[in-house]
Amino acid sequence: QKEVEQNSGPLSVPEGAIASLNCTYSDRGSQSFFWYRQYSGKSPELIMSIYSNGDKEDGRFTAQLNKASQYVSLLIRDSQPSDSATYLCAVNPDSSYKLIFGSGTRLLVRP
Amino acid sequence: EAQVTQNPRYLITVTGKKLTVTCSQNMNHEYMSWYRQDPGLGLRQIYYSMNVEVTDKGDVPEGYKVSRKEKRNFPLILESPSPNQTSLYFCASSLDGENTDTQYFGPGTRLTVL
């Protein structure tokens, strides 16, 4: 079983809709969770981090964490074509210095 | 400008010919890391360094070496490259390795081993 799992997609949503991206992780001791966005041919960039159960909002982005279910999600409201990218979920297991990435979900926002 | 730089950006080489990919950051970050990215497998950590002269293995260290003699530089060395090391490589740095930290990624090095 992979440590961090994401649906590869593509997830296709119309412009203005809510895009929901999901991620599950296997290490129950994981403490920190991150969402990175990666445009084609570019390097990943951090868009959200979350450390405690519940929701964290930043502009159009909301990260949701449920440690009991080992589940973290990213909601993008009012999706724009410029949001079309691959979204990588990353988990910091057991407060170690490692960072484990999922394989990413490709999001396509249709104009 | 705060940044992580990698060189070269593209490299085609042959099996067994030693190569080094350089990584440098100008943000005085303590933590640096190397990843490889392959289709369907995502980013996998190769090695990381918590500070000068302190390095540790990530998830896929076989076939790679690193060194951290200076804070700003963290080169990745392939002593005897093989075709299965053909990949996209990213260097990243953060202020320290604590779990609250943002990692900044370099632009990537696309390596092809024939």
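Order of the sequence lines fixes the chain letters, A, B, ..., with proteins taken first and strands second; residue numbering starts at 1 for each chain.
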Do any side-chain atoms of residues 8-18 of chain B form donor-acceptor pairs under 3.5 angstrom with protein atoms, and if so which ones, sequence neighbours left out?
unit_1, atom_1, unit_2, atom_2, d
B:Arg9, NE, B:Gly108, O, 2.9
B:Thr15, OG1, B:Leu114, O, 2.7

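Within residues 57-75 of chain B, the residues that have a heavy atom under 4.5 Å from a heavy atom of chain A are B:Lys57, B:Gly58, B:Asp59, listed by number.
With a 4.5 Å cut-off on non-hydrogen atoms, B:Gln103 touches chain A through its backbone and its side chain both. For chain A, no part of B:Tyr104 is nearby; none of its heavy atoms comes within less than 4.5 Å. Neither the backbone nor the side chain of A:Gln6 comes within contact range of chain B; no heavy atom of the residue lies under 4.5 Å from a heavy atom of that chain.
With a 4.5 Å cut-off on side-chain heavy atoms, B:Cys23 and B:Val4 count as touching.
If you look at A:Phe34 and A:Phe101, their ring centroids are not closer than 6.0 Å.
Using a 4.0 Å cut-off between a side-chain N of Lys or Arg and a carboxylate O of Asp or Glu, A:Lys56 and A:Asp58 do not qualify as a salt bridge.
Between B:Tyr35 and the options B:Tyr89, B:Phe90, B:Tyr48, B:Phe105, a ring pair (Phe, Tyr, Trp, His ring centres under 6.0 Å) holds for only B:Phe105.
Atom CZ of B:Arg44 has more than 12 heavy atoms from other residues, nucleotides or ligands within 6.0 Å.
No hydrogens or angles considered: nothing links the side chains of A:Ser26 and A:Gln70 as a donor-acceptor pair under 3.5 Å.
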